[in-house]
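To keep things clear, I will list the structure first and then write my remarks on it.
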Amino acid sequence: MKKISGHIIKSLPFEGLERISNLIEFEGPLLSHYKDRFGNNYLYYWVDQDKINNRWLVWEVAEDFLILYLSGQVPLLTLFPRSGKVLYCIDIDNEIKYSKVLLTYSDFIPDDYQPEPDAYFKFDLPVVYKDKVDISDYLKGLKERALYINVEPASGRYKRTIGIEDIWNVFESIGKSFSEYVEFNVKSILSERLTDKNRILNVANSLSSPNRLRIVYLNLNSFHVGISADHLNIDHTSMDRSVENFSQEVLAQYKNDVLDNDFSSTEDINILIHKYSNEDLRKKIFNPIIDIINNDNIKVNIADYTKTFEKSYSRIPKIERDKLLPAKSKRDTQLTKPDQELMVAYVIADKSTDQTQGSLFPKDMNRVLYFKSADTFPFEIDKIIQPSLGKDLPLASPIKIEGTFDDGMFFLSYEPLGIEISATNKKQLEERFNKALGELYEAYIGGAIIYQPAFQKLIGN
């Protein structure tokens with residue numbers, strides 16, 4: 001048998017492994033499906049043998065992909081771990097004992113151990129999967145989640161034909177708006193659970209890719225197109241349950257939050273301004289949609305699968321558009337110079353003196369100015385907020401931290417107490433830091449001593 005690089009381990013790191021079914025058999029099982037006690041799915045794939053051992057590759061597989069394979073929609077190679085992913089190589093002797101367990105990576109697996117590109121499931125489907133497998137389930141699911149966009153010419157000037165640029169702009173604009181909406185929501189969800197900003201950005205970028213939108217229906221007679229968000233073929237390093245749920249229903253939420261608005265209504269515009277208070281974000285999400293609506297060459301209607309949502313749009317009045325998407329003034333444009341680096345200067349005020357007397361800006365500016373680059377900012381906490389006690393606890397000395405801002409996310413890290421916080425805005429960041437600090441303090445006064453020196457220093461005890 002061929003040599004495979006990896007790390008020898010004592011046993012497979014699975015709890016309560018139970019065989020669900022053999023999927024392929026020929027004088028014995030060649031591909032088997034197992035589950036552990038937590039419901040995770042694993043495939044055992046026979047690849048080689050010698051006089052003593054049979055060799056199997058074992059890897060975790062998502063149930064959605066397993067169903068796609070069993071319904072004949074994807075080959076087994078699609079389920080094989082991608083580059084850099086972990087799998088296990090095990091040698092089992094004739095007495096069904098593991099003689100070797102190797103933790104390895106898909107990159108180290110010989111080509112002839114990997115499934116063929118055309119190895120589709122063409123065997124009798126085990127009864128246990130009958131209720132779950134339908135060869136059209138995936139496409140059917142996409143169609144049921146889809147939005148159906150009907151584009152018509154605004155006039156009969158070109159014999160009811162539509163310009164290719166107008167059609168292209170419709171799909172490009174929806175893709176841009178959808179991407180910004182998804183990225184914002186994924187960052188908001190993950191910032192409550194994760195502190196690794198690179199991990200947050202990787203997941204957000206993967207889920208917000210415009211390529212997730214797939215065409216699932218097309219009628220050229222009226223240029224009626226169905227688009228849906230793929231929720232299976234996503235390349236991300238980790239998935240939070242809340243993000244998983246969001247990714248499966250994302251198009252419905254996008255419809256509710258973005259498309260199902262009367263952009264000529266002052267009331268709807270005010271709600272959107274309150275909900276998306278960040279002006280730049282609001283422009284990224286809504287400007288592409290308004291460009292479609294205000295295109296004089298076309299008329300657009302959007303509906304869902306059941307037509308419980310069906311909306312035709314009329315040109316948006318300038319007063320409402322400018323309110324939702326304020327144009328930059330000439331002064332703002334003049335102040336924005338791409339060849340200059342924006343710096344933030346903080347004035348250090350002497351609290352012992354009355355700053356109303358005399359100038360706040362003395363001649364020696366270096367003495368009172370503290371410069372930071374645009375991606376950092378100071379953060380200070382002077383009390384522990386204790387809602388359960390009905391009062392706040394002043395600190396012996398304020399906590400001073402340097403926060404960071406990167407690609408739309410704010411981050412704080414306070415090492416003495418092991419606090420790491422991320423958020424999509426500064427207010428949220430402060431609220432989460434105060435909450436984390438308060439929870440740690442409650443644990444401290446409740447008998448936990450892991451942070452005792454740090455808290456003694458903070459509260460002066």
Side-chain angles (χ1 to χ4, degrees), residues 1-6 12 14 17 19-36 39-49 53-92 101-126 128-129 132-142 202 206-207 209 211-212 214-216 228-239 244 247:
M1 293 191 290
K2 296 190 175 183
K3 183 178 180 180
I4 299 177
S5 298
L12 290 172
F14 309 143
L17 210 59
R19 187 178 68 181
I20 304 302
S21 178
N22 293 329
L23 304 179
I24 303 175
E25 295 180 275
F26 182 74
E27 298 181 350
L30 300 178
L31 181 68
S32 299
H33 172 210
Y34 285 74
K35 276 192 176 184
D36 67 15
N40 299 310
N41 298 275
Y42 301 89
L43 288 180
Y44 276 58
Y45 181 53
W46 181 89
V47 292
D48 207 351
Q49 66 178 7
N53 294 304
N54 281 286
R55 173 164 288 178
W56 298 78
L57 297 181
V58 182
W59 68 87
E60 186 175 0
V61 63
E63 184 170 338
D64 285 338
F65 280 93
L66 179 60
I67 298 303
L68 285 178
Y69 168 66
L70 294 174
S71 65
Q73 297 187 58
V74 298
L76 183 58
L77 184 60
T78 301
L79 278 60
F80 196 78
R82 298 176 183 177
S83 176
K85 297 300 181 182
V86 169
L87 70 161
Y88 304 89
C89 177
I90 59 175
D91 292 340
I92 304 178
V101 180
L102 188 73
L103 184 154
T104 184
Y105 296 88
S106 56
D107 309 74
F108 299 155
I109 302 302
D111 290 344
D112 52 355
Y113 277 12
Q114 300 184 29
E116 294 293 334
D118 59 349
Y120 287 81
F121 187 80
K122 300 177 181 178
F123 310 93
D124 292 337
L125 183 70
V128 68
Y129 304 105
K132 293 187 177 181
V133 174
D134 180 340
I135 59 172
S136 62
D137 263 359
Y138 178 58
L139 182 57
K140 180 183 177 183
L142 289 181
N202 287 339
S206 173
L207 292 174
S209 169
N211 201 43
R212 284 192 64 210
R214 315 300 296 175
I215 293 177
V216 296
S228 192
D230 178 22
H231 63 281
L232 292 181
N233 301 293
I234 301 170
D235 184 17
H236 54 75
T237 56
S238 177
M239 182 60 74
E244 182 77 48
S247 72

Interatomic spacing from CZ in R82 to CH2 in W59 - rounded to 0.5 Å: 14.0 Å
Minimum heavy-atom separation for I4 and L102, please, with both atom names. O-CD2, 3.3 Å
Between CD1 on residue I109 and OG1 on residue T104, distance to nearest 0.5 Å: 4.5 Å
Against Y44, only a single residue in I90, N22, L30 fulfils side chain to side chain contact (heavy atoms under 4.5 Å, CB included); can you say which? I90
Rounded to the nearest 0.5 Å, how far apart are CG of L103 and OG of S5? 12.5 Å
Quick one: CG on N54 to CE on M1, what's the gap to the nearest 0.5 Å? 8.0 Å
Taking every non-hydrogen atom, the tightest pair across K2 and Y113: N-OH, 3.3 Å
Rounded to the nearest 0.5 Å, what separation is found between the CG atom of D112 and the CG atom of D48? 8.0 Å
Within-4.5 Å side-chain heavy-atom neighbours: R55 and C89: yes
Check: Y88 ring centre within less than 6.0 Å of Y42 ring centre: no
Could you walk me through whether F121 and Y129 pass the ring-ring contact (aromatic ring centres under 6.0 Å, His included) check? CA-CA 13 Å; F121 187 80; Y129 304 105; 8.3 Å; no
Pairwise side-chain contact, L76 with L43, heavy-atom cut-off 4.5 Å (strictly under): yes
Does the side chain of F14 come within less than 4.5 Å of E60's, by heavy atoms? no
Would you say the side chain of V58 lies within less than 4.5 Å of the side chain of Y34, judging by non-hydrogen atoms? no
Smallest heavy-atom separation, V128 atom then S21 atom, equals CG1-CB, 4.2 Å
Summary of salt bridge (charged side-chain N to carboxylate O under 4.0 Å, His left out) pairs that have at least one residue in residues 19-32, sequence neighbours excluded: none
Determine, stepwise, if the pair F123 / L23 fulfils side chain to side chain contact (heavy atoms under 4.5 Å, CB included). CA-CA 8 Å; F123 310 93; L23 304 179; over 6 Å; no
Heavy-atom closest pair, residues S106 and L87: N-CD2, 3.2 Å
Counting only N and O atoms by type, is there a donor-acceptor contact under 3.5 Å from the side chain of S228 to the main-chain atoms of L142? yes
Tell me the closest heavy-atom pair linking Y120 and Y69, and the distance in Å. C-CE1, 4.1 Å
Quick one: salt bridge (charged side-chain N to carboxylate O under 4.0 Å, His left out) partners of D124, sequence neighbours excluded? none
Might you point out which heavy atoms bring L79 and L66 nearest each other, and give the distance in Å? CD2-CA, 3.9 Å
Donor-acceptor contact below 3.5 Å, side chain E63 vs main chain N41: no
According to side chain to side chain donor-acceptor pair (under 3.5 Å), who are the partners of Y105, at least two apart in sequence or on a separate chain? none
